[in-house]
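Worksheet: one structure, shown below.
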Amino acid sequence: MLLRLDPHSGEPLYRQIVEAIKYQIASGGLAAGEQLPSVRVLASELKINMRTVVKAYDELSHAGFIVLQHGRGAFVTEPQHTRTLVSRRKELSELARRLIAEGCGFGASPSEVADIVRTVADEMERGL
Amino acid sequence: MSDLCIETHELGRMFGKTAVLRDISWQASAGNVVALLGPNGSGKTTLFKLVRGLLIPTSGSSTLLGTRSDSLPDSVTNRVCCVLEGCSPPKWVTIRQLMDLHAAAYPQFDRALAEELVKQRGLPLNRRFWTFSKGQQRWAELALSIASRPDVLLLDEPADGLDPAVRRELYDRLRELANERNTAVVVASHVIADVERIADELVLIQHGQITLQASLETLREEVREIELPADQVPLQWGDGMRVLGSKRATSSRVTWVRTPGGDVDRRLQGCLSERAVVRPVGLEMLYFACTEYAEAS
Amino acid sequence: MKPALLRWLLWQTLPVTSIAVPIFALFVALYPGPIFWMRDTTLWILILLHGYALHLCLGRPRSSSMAHLYCQGFSRQTLWRHVVVATWLAILAAWIPVAALIWSPARVWIQSNLLDNQRFFVLAPLERSSPVFILIAEMVWMAVLNYAWVREAQPFRGLRGGRWLARLFVIVALLMPFTQWDRIGPSWLVPTAMACWIVVGLIAFWGTFRLQSRMEVRI
């Protein structure tokens with residue numbers, strides 16, 4: 001698993017790990033059932049405190065992306081479709097709104113943001 | 001994981017009539033890397049010396065590994081390494097002699113590791129110190145401190161004179177010490193980007209006082225840089241929000257705000273107009289916000 | 001005792017020792033008259049200089065190499081013990097040739113055969129006790145110097161007291177040979193003065209030991 005953190009960006013490191021692993025799961029880089037590196041190994045690889053890794057794994061397991069098995073490690077879960085269609089649409093709309101608002105902050109138009117989203121989604125589906 | 005290695009309580013030190021340090025209450029735990037930042041002359045070196053017992057405090061107290069700093073027995077000192085500016089070994093010494101000294105001082109000293117660290121930078125063990133460049137001397141000193149595998153490691157401007165590759169190696173090794181051996185590492189440095197890479201905690205000292213003390217992850221969560229058009233009226237900040245500093249540019253005004261208590265971005269949105277740009281803040285910018293552009297409190 | 005630390009400290013004194021040993025030896029070998037510790041200014045100057053040079057090598061709290069040592073993983077007690085032993089060894093290194101020359105027939109032989117100093121063998125027995133006095137003088141002088149150093153490095157009080165003691169020592173040592181006090185005074189004067197001398201040394205030594213744990217390392 002290849003993770004890259006930017007310690008200078010001002011984003012909390014645990015959140016960078018969470019996002020990176022979520023991205024890997026979404027793009028197929030991490031398959032369901034695959035084992036994540038141990039806390040100690042990931043911390044020494046990324047040169048960060050083990051507590052930060054623990055926090056990231058906790059958050060991921062809380063959100064249902066991975067499952068922590070005591071004494072064995074962290075594993076990627078099966079994609080869950082537990083959310084109802086309605087709640088999923090609602091959450092996605094909220095995400096989209098935030099993304100577009102951020103994009104507008106850089107001076108992009110909403111349709112430009114939508115185009116980028118489509119391109120990135122295509123790339124991810126093709127496994128790039 | 002949170003056993004205290006260094007603990008100071010209202011520590012202060014005067015030199016003549018000047019208070020170099022005042023009311024320093026600070027703790028450092030095992031396994032953490034602490035970045036000690038502050039402008040020149042803010043008292044960082046004095047703090048190290050007080051903690052290591054090289055100076056006696058005028059007020060307050062300091063403990064190192066559970067023992068008062070002014071009466072440290074061998075069983076404490078042989079677990080503490082301290083590399084200070086101006087306390088360099090004599091120039092006639094060879095690295096091998098320095099190794100013998102470390103082996104005598106530190107029971108945990110790992111000679112094989114020391115030799116590896118020194119040799120991999122091309123430093124022969126039998127040459128005298130004065131034949132090395134300043135950076136090489138520094139590295140030899142640091143490498144031996146790392147190989148001494150202490151429980152507490154105090155480094156004052158360690159990167160001084162080191163090239164980028166050695167600096168990277170140094171900080172990677174420090175992180176490794178903290179992770180693998182649970183060492184409490186305290187680094188005073190002006191090269192902020194280096195310490196930002198590995199540090200867990202920030203202690204900012206200004207004019208002999210601690211002005212900011214928090215974990216870096218917390219600061220990354222809580223501090224934002226807000227850019228507003230210059231003509232915008234001053235903002236009404238929400239509860240608990242603290243302006244760290246601000247700076248006026250030609251067409252805009254940048255403000256750095258700390259918002260404790262989570263959900264920062266949504267709470268900031270409530271205080272800001274549409275035209276505000278909110279950005280996360282790296283350590284370097286945070287340092288400037290708290291020093292150069294600090295809000296007079 | 002940690003041999004590595006002792007070696008390190010002796011290395012630090014090596015330049016002084018390597019100069020002092022031949023100078024002391026030559027002085028003792030070539031000096032024509034009997035060496036009386038209380039009547040000889042040159043001898044005193046040598047002792048004072050040797051002690052001061054050793055003090056510079058081993059006892060400057062403001063030198064970066066001593067500060068480096070105080071940053072290492074030794075307690076104050078351990079460091080101090082080693083500094084004291086290193087000082088004694090450095091003194092012995094210069095003293096042993098002196099004592100050997102005086103107590104063996106070497107000096108008499110050099111004086112009578114090489115320097116043609118015919119009357120010397122008559123006077124030689126007079127200087128039999130000199131090595132003991134030289135050793136005591138050096139020890140006391142080092143104790144006083146170390147006391148001055150440690151006293152000066154104390155955090156908040158009485159900084160100059162030790163320095164005055166050291167100055168007094170120098171003045172007494174240099175004036176004494178001119179007074180001929182050991183000939184003029186009553187017979188108990190010399191032993192009493194010796195006893196006082198040793199007491200001053202012991203007090204300085206004890207005071208240094210008490211004060212060194214709170215000594216500050218400033219550069």
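Reckoned from all heavy atoms, side chains included, excluding hydrogens, waters and symmetry mates. Just so you know, these numbers come straight off a predicted model, no measurement behind them. Quick note on labels: first sequence line is chain A, next is B, and so on, each numbered from 1.
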request  = Assess whether side chain to side chain contact (heavy atoms under 4.5 Å, CB included) is satisfied between B/Leu72 and B/Leu65, documenting all intermediate values.
outcome  = CA-CA 9 Å; B/Leu72 299 173; B/Leu65 294 167; over 6 Å; no
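Screening B/Val187, B/Asp194, B/Leu174, B/Leu153 against B/Pro158 for a side chain to side chain contact (heavy atoms under 4.5 Å, CB included) leaves a single residue, B/Val187.
Listed by first then second residue, pairs satisfying ring pair (Phe, Tyr, Trp, His ring centres under 6.0 Å) with a partner in residues 8-63 of chain B number zero, not counting sequence neighbours.
Atom CG of C/Leu9 and atom CG of C/Leu14 lie 12.5 Å apart (nearest 0.5 Å). Atom-to-atom distance recorded for B/Leu21:CG and B/Leu50:CG is 6.0 Å, nearest 0.5 angstrom. Atoms CD1 and CG, from B/Ile205 and B/Leu37 in turn, are 9.5 Å apart once rounded to the nearest 0.5 Å.
Every side-chain contact (heavy atoms from CB on, under 4.5 Å) that B/Asp163 has, sequence neighbours left out, goes to B/Ala165, B/Val166. Partners of B/Glu10 under the side-chain hydrogen bond (donor to acceptor under 3.5 Å, both in side chains) rule, at least two apart in sequence or in another chain, do not exist in this structure.
Using a 4.5 Å cut-off between heavy atoms, C/Leu79 makes no contact with chain B at all. Of the two parts of B/Pro57, only the backbone, made up of N, CA, C and O, holds a non-hydrogen atom closer than 4.5 Å to a non-hydrogen atom of chain C. At a 4.5 Å heavy-atom cutoff, the contact between B/Leu98 and chain C is made by backbone and side-chain atoms alike. The contact between B/Pro73 and chain C is made entirely by backbone atoms, counting heavy-atom distances below 4.5 Å. For chain C, no part of B/Val83 is nearby; none of its heavy atoms comes within less than 4.5 Å.
Using modelled atom types, no side-chain atom of B/Asn32 and backbone atom of B/Ala184 make a donor-acceptor pair closer than 3.5 Å.
Each of B/Cys81, B/Pro150, B/Pro89 has some count of heavy-atom pairs under 4.5 Å with chain C, and the biggest count is that of B/Pro89.
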Please tabulate, one pair per line, the N or O donor-acceptor pairs under 3.5 Å between chain B and chain C.
{"from": "B/Arg13", "atom 1": "NH1", "to": "C/Glu216", "atom 2": "OE1", "distance (Å)": "3.4"}
{"from": "B/Arg13", "atom 1": "NH1", "to": "C/Glu216", "atom 2": "OE2", "distance (Å)": "2.4"}
{"from": "B/Arg13", "atom 1": "NH2", "to": "C/Glu216", "atom 2": "OE1", "distance (Å)": "3.4"}
{"from": "B/Arg52", "atom 1": "NH2", "to": "C/Tyr70", "atom 2": "O", "distance (Å)": "3.3"}
{"from": "B/Arg52", "atom 1": "NH2", "to": "C/Gln72", "atom 2": "O", "distance (Å)": "2.6"}
{"from": "B/Gly53", "atom 1": "O", "to": "C/Arg76", "atom 2": "NH2", "distance (Å)": "3.1"}
{"from": "B/Leu54", "atom 1": "O", "to": "C/Val217", "atom 2": "N", "distance (Å)": "2.8"}
{"from": "B/Ile56", "atom 1": "N", "to": "C/Glu216", "atom 2": "OE2", "distance (Å)": "2.6"}
{"from": "B/Asp74", "atom 1": "OD1", "to": "C/Ser75", "atom 2": "N", "distance (Å)": "2.8"}
{"from": "B/Asp74", "atom 1": "OD1", "to": "C/Ser75", "atom 2": "OG", "distance (Å)": "3.2"}
{"from": "B/Asp74", "atom 1": "OD1", "to": "C/Thr78", "atom 2": "OG1", "distance (Å)": "3.1"}
{"from": "B/Asp74", "atom 1": "OD2", "to": "C/Ser75", "atom 2": "OG", "distance (Å)": "3.3"}
{"from": "B/Asp74", "atom 1": "OD2", "to": "C/Thr78", "atom 2": "OG1", "distance (Å)": "2.4"}
{"from": "B/Thr77", "atom 1": "OG1", "to": "C/Gly73", "atom 2": "O", "distance (Å)": "3.3"}
{"from": "B/Thr77", "atom 1": "OG1", "to": "C/Ser75", "atom 2": "N", "distance (Å)": "3.4"}
{"from": "B/His102", "atom 1": "NE2", "to": "C/Gln72", "atom 2": "OE1", "distance (Å)": "3.3"}
{"from": "B/Ala104", "atom 1": "O", "to": "C/Lys2", "atom 2": "NZ", "distance (Å)": "3.3"}
{"from": "B/Tyr106", "atom 1": "OH", "to": "C/Gly73", "atom 2": "N", "distance (Å)": "3.0"}

